[in-house]
Number of protein chains: 4
Amino acid sequence: MREPVGVRQAQAQRTRSGVLAAAAAVFVEQGVQAPIRDIAERAGVGIGTIYRNFPTRADLVTAVYRHQIDTCVALAPRLLAESASPFIALTRWVDAFVEFLVTKHGLGAALGSGDPGLENLHTLMLDTLLPAGAMLLEACDAAGEVRPGITAYTLMRAIGNLCITGPDYDQADARHMVATLLAGTRPTPTA
Amino acid sequence: MREPVGVRQAQAQRTRSGVLAAAAAVFVEQGVQAPIRDIAERAGVGIGTIYRNFPTRADLVTAVYRHQIDTCVALAPRLLAESASPFIALTRWVDAFVEFLVTKHGLGAALGSGDPGLENLHTLMLDTLLPAGAMLLEACDAAGEVRPGITAYTLMRAIGNLCITGPDYDQADARHMVATLLAGTRPTPTA
Amino acid sequence: MREPVGVRQAQAQRTRSGVLAAAAAVFVEQGVQAPIRDIAERAGVGIGTIYRNFPTRADLVTAVYRHQIDTCVALAPRLLAESASPFIALTRWVDAFVEFLVTKHGLGAALGSGDPGLENLHTLMLDTLLPAGAMLLEACDAAGEVRPGITAYTLMRAIGNLCITGPDYDQADARHMVATLLAGTRPTPTA
Amino acid sequence: MREPVGVRQAQAQRTRSGVLAAAAAVFVEQGVQAPIRDIAERAGVGIGTIYRNFPTRADLVTAVYRHQIDTCVALAPRLLAESASPFIALTRWVDAFVEFLVTKHGLGAALGSGDPGLENLHTLMLDTLLPAGAMLLEACDAAGEVRPGITAYTLMRAIGNLCITGPDYDQADARHMVATLLAGTRPTPTA
DNA sequence: GATGAATGAGGGTTCATTCAT
DNA sequence: GATGAATGAACCCTCATTCAT
């Protein structure tokens, strides 16, 4: 009765992936506060399976976005190397960041909510995205391309907030306002 | 035969005020989605009293913020008349708007949530604050003090979002980012 | 400051009458379980006034229908004297009884519910309507116009039940079925 | 490898049955409007379990009575085949119908209440019992054993009303009055 | 590992009833 | 007597979470 090694692990991995895909879809439709049951149904698994793989809601949320976060992080050094100036790199990177936030209904609000259950996600973003953004911002700083006094954390948090969309304030508006915010970080032209 | 007119009304008014004060306090601590029971307990009244005075949650939220909203609205024409330039007036008015938002934990998030139960508040703000902000923004526009293409609604919504505070992103940060956003609305200096 | 004697009593009487009229109207619309507050509002008085005049709901229900009940009671001897046969008198009297029940939305159901709070009304009907009906039934009995074994109480209760109308079973249906029931009380024709 | 199929389903089925039994008992004592919590307590399960199995009150009411309704329905064609005349079949079938109604305290009242939440039950009875009764009544009609003009729906509704028992109007009274009603449906003997 | 039935805390809402003015 | 604000018990329903199979 011994099965090929790893068959079970492979099945487990597939279950996990299915849950992540389902969660991503449900989050888009209902936001990250969607009932766990809805995700289980969408994934075609039992509720218990969700809890086994992701004990807390934040674990699930974090896992859902981890891949995209990692992609975003990896982009930073590449943009810095390729772009004509640090600020251009920052701008492009923020575009990617916004793209990520804006397509994830409710994520921005979740981050802004101070919900203690989302500490993990918060931590993840701090530990990974923040250094990426900070690297770019520091490069801008060093090149005198942004006003002093702006911290990467605050800026990214502000961008996150600006990406909380809703009726009458859509993704295009969010992009517009983020661009305006970035414009506001430029040093005041000296006479 | 004139007895103290309105002894009961006065008491009722005091109850109502007490509820409003309690609600304001609870909203700061827990956000506008706080359980009605908590507000009743804080106010030292029965649940029924809350429902008597404010049939829906939105009624309560609206009442809590109405006074401050009205004050803010009334400020706009005054600032426009007094200030050296429309943009200075806009800046000062936004300061007051931010002051309002930033001290009301959860209001920004509530407005951004698209919660259908808060239509009234949304409507109130649209009907009163929006015209006030729009007046100032139009004055800036007419004076060439802001880039074209920025609508009052989007700008105010963005400001509202920037005022969603939390741990590690406090009121000072919110003010800073709002100021940065406003700086970003200035026309690009032509060479 | 002494007012004419009885002015206050007259006022009180008017209040009481107004409440009864309002209650009758509300009972027709919503049934006898309607919220007390609705009746107070319709009467233009405070809730406390209802409770002062009619401490229990049953008191109010009873008072509302007392007049019509009395009228119905008074009808019995007159019909018996006027009609060609006791059964004809019974039939006509039942018509009046049904007319009373059928136009009082929810009263039949209330009587049939065994609700202990309506004891008073139950008692009132037993004490007044029952003797009236019994008189007629006994006359029929004595004349051999109905089968033996039918008691006035049971018959009237059955009639009351048949008058519980609703969608798809209207007043005409109720009348039809009551007539059928009465037809069923006739002695079986002997060959 | 076949393990006991459906161990959990069996348990779930037992839970469901327990809920149905508890509900039936509570309905007898308190009527079909009894608090869901009372049923849960009687069944020894959590409230959530009731809602899981019977999302609406009407679902529960319907389930409680479905079996007996089905039995009653199945009886009709058998009685028609076996009985000496259609009217005898109708009489016997009505006996069974009354037996069903009379032992279910509150069901008659529930059906007569027009409560929109009981649409399902109403529909169930219309869809199943009504055709059964109609078949018998039509057979009587065809045989000239009942007066014309009596519809199955109205007759059954009337019977349902007559079965609303209470103190002083018990099951025997209900049966007596139903028999009397049926007697009243016979054609008037022509001289 | 997966399952999903069961649980029950939590929050919403209504309305009968009291009582100070 | 009349008033109606206040009360809170009682219901409703949802959904996060556990655990036996």
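The structure presented is a predicted model; accordingly, all values stated were derived computationally and were not measured. Residue numbers begin at 1 in each chain, while the letters A, B, ... track the order of the sequences.
- Rounded to whole Å, the distance from CD1 on A:Ile50 to P on E:dT3 is 9 Å.
- Taken residue by residue, residues 11-21 of chain C places no heavy atom nearer than 4.0 Å to DNA chain E.
- Atoms CD (B:Gln9) and P (F:dG4) sit 9 Å apart, rounded to a whole Å.
- C:Asp59 and C:Thr56 share a donor-acceptor pair across their side chains, judged by distance under 3.5 Å alone.
- Within the structure, the salt bridge (Lys or Arg N to Asp or Glu O under 4.0 Å) test picks out the following pairs touching residues 41-50 of chain D (sequence neighbours left out): D:Glu29-D:Arg42.
- Of the candidates F:dT21, E:dG10, E:dA16, E:dA16 carries the atom nearest the C:Arg37 side chain, counting heavy atoms from C-beta on.
- With rounding to whole Å, A:Gln30 atom CD is found 10 Å from F:dA16 atom P.
- Under the side-chain hydrogen bond (donor to acceptor under 3.5 Å, both in side chains) criterion, no residue pair touches residues 46-55 of chain A, with sequence neighbours excluded.
- When distances run from any side-chain atom of D:Asn53 to the nucleotides E:dT3, E:dA6, F:dT3, the shortest one goes to E:dA6.
- The closest side-chain donor-acceptor pair between A:Arg14 and A:Gln11 falls under 3.5 angstrom.
- The base of E:dT3 does not come close enough to the side chain of A:Arg52 for any donor and acceptor atom to sit less than 3.5 Å apart.
- Whole-Å rounding puts the A:Glu41 CD to E:dG4 P distance at 10 Å.
- Paired regions of DNA chain E, where each region holds three or more successive Watson-Crick or G-U pairs whose two hydrogen-bonding distances fall under 3.5 Å, are E:2-21 with F:2-21.
- When the P atom of F:dG4 is taken as reference, atom OH of C:Tyr51 falls 15 Å away, rounded to whole Å.
- Listed candidates were E:dG4, E:dT21, E:dA16. Nearest to the side chain of B:Val7 is E:dT21.
- Nucleic acid contact class of A:Ile47 (heavy atoms, under 4.0 Å, all strands): base.
- Counting heavy atoms from C-beta on, the side chains of C:Tyr65 and C:Val32 come closer than 4.5 Å.
- Projected onto DNA chain F by closest heavy-atom contact, D:Gly48 and C:Thr49 fall at different nucleotides, the more 5' of which corresponds to C:Thr49.
- Contacts of B:Arg16 classified as side-chain hydrogen bond (donor to acceptor under 3.5 Å, both in side chains), with partners at least two apart in sequence or in another chain: none.
- Residues satisfying the side-chain contact (heavy atoms from CB on, under 4.5 Å) test with B:Ala43, not counting sequence neighbours, are B:Val19, B:Ala22, B:Val45.
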